[in-house]
A.B. asks: 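Encoded as structure tokens, here's the structure I'll be asking about.
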2 protein chains.
Amino acid sequence: MSVMRKGVSAVAPHPTPEPAGNPEWLNTIMKGDCVAALNKLPSKSVDLVFADPPYNLQLGGDLHRPDHSKVDACDDHWDQFESFEAYDAFTRAWLMATRRVMKDDGSIYVIGSYHNIFRVGAILQDLGFWIMNDIVWLKSNPMPNFRGKRFTNAHETIIWATKSKTAKPTFNYDALKTFNDDLQMRSDWHLPLCTGGERLKDDDGQKVHPTQKPEALLYRVLTASSQPGDVVLDPFFGTGTTGAVAKKLGRNFVGVEREQDYIDAATSRIEAIETGSGASLDMQKGKRAEKRIPFGNLLESGLLEPGAELSCSKGHHLAVVRADGSLKCGDFTGSIHKVGAMVQGASSCNGWTFWHTSKGRSRSPIDDLREEIRTRLRS
Amino acid sequence: MSVMRKGVSAVAPHPTPEPAGNPEWLNTIMKGDCVAALNKLPSKSVDLVFADPPYNLQLGGDLHRPDHSKVDACDDHWDQFESFEAYDAFTRAWLMATRRVMKDDGSIYVIGSYHNIFRVGAILQDLGFWIMNDIVWLKSNPMPNFRGKRFTNAHETIIWATKSKTAKPTFNYDALKTFNDDLQMRSDWHLPLCTGGERLKDDDGQKVHPTQKPEALLYRVLTASSQPGDVVLDPFFGTGTTGAVAKKLGRNFVGVEREQDYIDAATSRIEAIETGSGASLDMQKGKRAEKRIPFGNLLESGLLEPGAELSCSKGHHLAVVRADGSLKCGDFTGSIHKVGAMVQGASSCNGWTFWHTSKGRSRSPIDDLREEIRTRLRS
DNA sequence: TACGTCCATGAATCGGGCT
DNA sequence: CAGCCCGATTCATGGACGT
């Protein structure tokens, strides 16, 4: 494979849990045009994409006439259309190239401001991507609006999307909830700008990259939508924040960047990073990750006897356990879930938390017995 | 002029500073299709537009809360579109009709969610509108994500645009700054949902409109981008929040609405309002309360590294920090609070004061690190 | 009256594995 | 691929009601 130009395999691949045989493009920065470089990667090889595309349209003189003459809205409209057309074509091109290298259940995050994010979002939808959330990064220390003509632009927008409506992306819900003091993570992220020691400066003290993103932002994206060992692509790598955080969190990365200065800065930056130890990268897991225990196991293991009586938490509903693992409540029989739903008149029910055993006056959910089985299995 | 159908001039025009001779459509609700109604208004007659168009939510089946109650979703027919193309055509049509009736220096605000706002924003740009800001309405009390599959959708986006790049829109910078405790008004607005007494209910106690917006939101829009006596258009009038706030603030309004039920509700609502009663109205101020800092922020910001060891104040209990912000203590994992409670055998625990970092022989609570983050956020 | 508990509800693109 | 069925999943707020 000749994905990389000479001298561009900038960062030595670091050890990761998997895959064992790393392709040579892994944990490197590919120099060159975004689309051309992406076309050299294999299809469906990337778990997560973070993209911070350029959005300098309208900020330069593109829309001014050379003579600065005043134009009415109609003429102006044509100029804008031309410019937006070009930006749209660029956006479609890199999004299509990115789409090809994404795994079917992968995620893509794109960040932008009001100058470009609406075009990016609409094109994502037009290309068949399925938006999961939009997220707002609220800057605690934004640049004030000096002229007092607008609201202080204190946020940027991030779109999280999958390749299709039916995709089942990684989403570490429990890890994020734990991270957030046991509350669901919301779509508003309050994070400071990238400043201070984190901001890369050149020898003259000038910032190396105009829009270096804070590592905290990438930390959260990678924690949400990837697992250790996953491959994270950043098609506009810049000074390598994505790669730095990926390495810190034990993910693999691959970047694309055109400017050699940025590649150099990113390379040394990432080399200085140490991957966290294996155990510290484990994520908080929820019940969904646990092995399924059929209710019948409680009988097989002797934790429940056939004929045992179960009740709801308040003792209003009673049912008898039968030897085959079904419940009998009046004339109705079925699984713990079905009978639980029936007695409540609900369409569904989690029998594990609904039904309880009694010891004296206290009741405990049969989920405790399931946990006992799991403990035995682990030991 | 025959803008209004009989019986539709629903709200008696109220006295306003100007214009002296009010056109008959002023301070009325026009019944019918948005574009057809707008085409009956004179060109360049409107100072400010607030539009809350259909979001084109594409909902699947029913959604239930964990307690099995059913979510009362917005599944009204007016929110259904066959395709993005159909939604785009609809959006272009009402935006072009709106553009004609806007004064050249007027402003338009459009609110939406990720389902539609990217299409609206791109079409605004395509039609020659000039985006001044995008604003995020952060909901203090959003509906949670019940299935744990996405981030809590805790915000909506508002686009503020003018008819052209050269427009000079009204922007009451100083008034907003005063409202905001002498700080520049930012692009993030923290406001609660429209609930409680403000929410219009019918005789059965059911909400009249599925998406009634809070008056505080409109209060802020009108305060920012209009003057007393200005004309404010809402092409999707609904139950008349825009009209209600306009009357309170001494602005004129004109609304368009198709559903008679909404018109009736809006009419009586607005009739009950007195102009200038807003003297006692205080704009919802940006909350200066101390922000909650989730434990995960310490990792994102680099104040703690994955793998770091924490202890209780006396060093009896030890735990390891994992990359996702969970603690690991033996086989037990969870948030700093849960693990703290577990090791003490307590039902709850303030992890911030219980867990300590060590430097040499001295220990300091991780609360100190949280204070460090707060300091950074304040800077 | 004050306080505590319970309940209802909000623009929501909300499951997944096995047969 | 459709169907079956296990079983996981919520936060802030306001109002009603009880003590």
Side-chain angles (χ1 to χ4, degrees), chain A residues 105 125 129-134 160-162 164-169 171 173-174 177 180-187 285-290 292-296 325 334-338 340-341 346-355 365-367 370, chain B residues 52-76 78-81 84 111-117 137 139-157 192-199 201 205-207 209-214 236 238 292:
Chain A
D105 287 334
Q125 292 178 314
F129 288 92
W130 188 251
I131 298 180
M132 299 292 289
N133 277 115
D134 64 334
W160 170 30
T162 58
S164 72
K165 182 176 181 173
T166 54
K168 288 176 273 195
F171 184 62
Y173 175 80
D174 297 288
K177 188 172 174 175
N180 196 36
D181 290 358
D182 297 324
L183 288 176
Q184 284 189 341
M185 188 69 82
R186 300 172 27 131
S187 59
K285 293 192 177 99
K287 284 187 177 177
R288 284 188 178 100
E290 297 275 1
R292 193 178 81 85
I293 308 291
F295 177 66
S335 70
I336 54 172
H337 313 295
K338 284 211 162 159
S347 61
S348 69
C349 168
N350 182 343
W352 291 106
T353 52
F354 180 75
W355 295 109
I366 56 175
D367 208 19
R370 178 170 64 164
Chain B
D52 184 13
Y55 286 10
N56 189 27
L57 301 183
Q58 296 165 48
L59 305 179
D62 289 344
L63 178 65
H64 293 86
R65 297 182 173 82
D67 65 4
H68 302 304
S69 64
K70 186 171 169 244
V71 173
D72 184 14
C74 177
D75 51 4
D76 302 66
W78 48 256
D79 200 51
Q80 315 287 328
F81 291 82
F84 284 132
I111 186 168
S113 65
Y114 66 85
H115 311 84
N116 71 322
I117 199 65
W137 168 28
K139 304 174 182 182
S140 56
N141 50 346
M143 177 152 41
N145 185 285
F146 296 117
R147 303 301 290 267
K149 291 293 160 185
R150 305 179 177 207
F151 300 102
T152 305
N153 197 0
H155 73 280
E156 295 188 25
T157 300
L193 294 173
C194 179
T195 60
E198 187 186 331
R199 190 82 193 222
K201 303 279 178 62
Q206 300 299 117
K207 56 190 175 191
H209 194 282
T211 70
Q212 185 182 340
K213 294 292 175 289
F236 306 96
R292 190 177 63 87

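Scope of the values below: all heavy atoms of this structure, side chains included, with no hydrogens, waters or symmetry mates. Sequence lines set the chain letters: A, B, ... in the order given, protein chains first and strands last, and positions in each chain run from 1.
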A.B. asks: So which protein N/O to nucleotides 16-19 of chain C N/O distances come out below 3.5 Å?
C.D. replies:
unit_1, atom_1, unit_2, atom_2, d
C:dG16, OP1, B:Lys149, NZ, 3.3

A.B. asks: Let me know, please, whether A:Lys165 or B:Glu156 comes out on the 5' side of the other along DNA chain C by nearest nucleotide.
C.D. replies: B:Glu156
A.B. asks: With respect to the phosphate group of C:dG10, does any side-chain polar atom (N or O) of B:Lys139 fall under 4.0 Å of OP1 or OP2?
C.D. replies: no
A.B. asks: Which value, rounded to the nearest 0.5 Å, describes the distance between B:Cys74 atom SG and B:Leu59 atom CG?
C.D. replies: 7.5 Å
A.B. asks: Does A:Lys177 place a side-chain N or O at less than 4.0 Å from the phosphate oxygens OP1/OP2 of D:dT10?
C.D. replies: yes
A.B. asks: For nucleotides D:dG15 and C:dA11, find the distance between their C1' atoms and express it as a whole number of Å.
C.D. replies: 23 Å
A.B. asks: Would you kindly give the CG-to-P distance between B:Asp62 and C:dA11, to the nearest whole Å?
C.D. replies: 18 Å
A.B. asks: What distance, rounded to whole Å, do you find between the two C1' atoms, one in D:dG7 and one in C:dC14?
C.D. replies: 15 Å
A.B. asks: Counting just side-chain N and O atoms, does B:Arg199 come under 4.0 Å of either OP1 or OP2 of D:dG15?
C.D. replies: no
A.B. asks: So what does A:Pro294 hit on the nucleic acid, given a heavy-atom distance under 4.0 Å: a base, only sugar-phosphate, or nothing?
C.D. replies: nothing
A.B. asks: Check whether the side chains of B:Thr152 and A:Gln184 place a donor and an acceptor atom closer than 3.5 Å, and report yes or no.
C.D. replies: yes
A.B. asks: Closer than 4.0 Å, any side-chain N/O of A:Lys338 to the OP1 or OP2 of D:dC5?
C.D. replies: yes
A.B. asks: When the distance from CE of A:Met185 to C1' of D:dT9 is rounded to whole Å, what number comes out?
C.D. replies: 18 Å
A.B. asks: Between A:Asp182 and A:Lys177, is there a salt bridge with N-O shorter than 4.0 Å?
C.D. replies: no
A.B. asks: Report yes if the distance between the aromatic ring centroids of A:Trp355 and A:Phe295 is under 6.0 Å, otherwise no.
C.D. replies: no
A.B. asks: Just so I know, are the side chains of B:Asn116 and B:Pro53 near enough to count as touching, which here means a heavy-atom distance under 4.5 Å?
C.D. replies: yes
A.B. asks: If I take atom CG in residue B:Asp76 and atom P in nucleotide C:dG10, what distance separates them, rounded to the nearest angstrom?
C.D. replies: 12 Å
A.B. asks: Measure from the side chain of B:Ser69, starting at C-beta and using heavy atoms only, and say which of C:dG10, C:dA12, C:dT9 lies closest.
C.D. replies: C:dT9
A.B. asks: Looking at CE of A:Met132 and CZ of A:Phe171, how far apart are the two atoms once the value is rounded to the nearest 0.5 Å?
C.D. replies: 8.0 Å
A.B. asks: Answer with base, sugar-phosphate or nothing: what part of the nucleic acid does B:Pro53 contact at a heavy-atom distance below 4.0 Å?
C.D. replies: base
A.B. asks: Under 4.0 Å, counting only non-hydrogen atoms across every strand here, what does A:Asn180 touch: a base, just sugar-phosphate, or nothing?
C.D. replies: nothing
A.B. asks: For A:Gln184 and for A:Ser347, locate the closest nucleotide of DNA chain D by heavy-atom distance; then report the residue assigned to the nucleotide nearer the 5' terminus.
C.D. replies: A:Ser347
A.B. asks: When all nucleic acid strands are considered with a 4.0 Å heavy-atom cut-off, which category describes A:Gly340: base, sugar-phosphate, or nothing?
C.D. replies: nothing
A.B. asks: Give the intermediate values and the outcome of side-chain hydrogen bond (donor to acceptor under 3.5 Å, both in side chains) for residues B:Tyr114 and B:Glu156.
C.D. replies: CA-CA 8 Å; B:Tyr114 66 85; B:Glu156 295 188 25; over 6 Å; no
A.B. asks: Mind checking B:Cys194 for me? I need base, sugar-phosphate or nothing, with any heavy atom below 4.0 Å counting as a touch.
C.D. replies: nothing
A.B. asks: How is B:Thr211 classified with respect to the nucleic acid when contacts are heavy atoms under 4.0 Å: base, sugar-phosphate, or nothing?
C.D. replies: base
A.B. asks: If you measure from CZ on A:Phe354 to CD1 on A:Ile336, what distance do you get to the nearest 0.5 Å?
C.D. replies: 11.0 Å
A.B. asks: Base, sugar-phosphate, or nothing for A:Arg186, non-hydrogen atoms under 4.0 angstrom?
C.D. replies: nothing
A.B. asks: What's the separation between atom NZ in A:Lys287 and atom CZ in A:Arg292, rounded to the nearest 0.5 Å?
C.D. replies: 15.0 Å
A.B. asks: What is the distance, to the nearest angstrom, from the CD atom on B:Gln212 to the P atom on C:dA11?
C.D. replies: 9 Å
A.B. asks: Assign A:Ile336 to base, sugar-phosphate, or nothing according to its heavy-atom contacts below 4.0 angstrom with the strands shown.
C.D. replies: nothing
A.B. asks: Using a cut-off of 6.0 Å, state whether more than 12 heavy atoms not belonging to B:Lys207 lie near its atom NZ.
C.D. replies: yes
A.B. asks: Look at the side-chain N and O atoms of B:Asn153 and state whether any lies under 4.0 Å from the OP1 or OP2 oxygen of C:dT13.
C.D. replies: yes
A.B. asks: Starting from the 5' end of DNA chain D, give me the residue, B:Phe146 or A:Ser335, whose nearest nucleotide shows up first.
C.D. replies: A:Ser335
A.B. asks: Can you confirm whether or not the ring centre of B:His115 sits under 6.0 Å from the ring centre of A:Trp130?
C.D. replies: no
A.B. asks: For the P atoms, the ones on C:dG10 and on D:dA8, what distance do you get once it is rounded to whole angstrom?
C.D. replies: 28 Å
A.B. asks: Please report the shortest heavy-atom distance between B:Asp52 and B:Ile111, naming the atom on each side.
C.D. replies: OD1-CG2, 3.2 Å
A.B. asks: Check this one for me: any side-chain N or O of A:Tyr173 less than 4.0 Å away from OP1 or OP2 of C:dG15?
C.D. replies: no
A.B. asks: Checking understanding here: a glycosidic angle within 90° of 0 is syn, the rest anti, so what is C:dT13?
C.D. replies: syn
A.B. asks: Just to be sure I understand the rule, does B:Asp79 reach a base, reach only the sugar-phosphate, or reach nothing, if contact means heavy atoms closer than 4.0 Å?
C.D. replies: base
A.B. asks: How is B:Gly112 classified with respect to the nucleic acid when contacts are heavy atoms under 4.0 Å: base, sugar-phosphate, or nothing?
C.D. replies: nothing
A.B. asks: Let me know the distance between NE2 of B:His64 and P of D:dG7, rounded to the nearest Å.
C.D. replies: 20 Å
A.B. asks: Can you tell me how far P in C:dT13 sits from the matching atom in D:dC6, rounded to whole Å?
C.D. replies: 29 Å
A.B. asks: A:Trp352 has a side chain; which of C:dT13, D:dT10, D:dG7 sits nearest to it?
C.D. replies: D:dG7
A.B. asks: Applying a 3.5 angstrom cut-off to the pairing atoms, does DNA chain D sit in any stems of at least three consecutive Watson-Crick or G-U pairs? List them by first number.
C.D. replies: C:2-10 with D:11-19, C:15-19 with D:2-6
A.B. asks: Between B:Thr195 and D:dG14, is there a contact of a side-chain N or O with OP1 or OP2 at under 4.0 Å?
C.D. replies: no
A.B. asks: Quick check on D:dG7: is either OP1 or OP2 less than 4.0 Å from any side-chain nitrogen or oxygen of A:His337?
C.D. replies: yes
A.B. asks: Classify the side chain of B:Arg150 and the base of C:dT13 as holding, or not holding, a donor-acceptor pair under 3.5 Å.
C.D. replies: yes
A.B. asks: Using heavy atoms to find the nearest nucleotide of DNA chain C for B:Ala73 and B:Asp67 separately, return the residue whose nucleotide is more 5′.
C.D. replies: B:Asp67
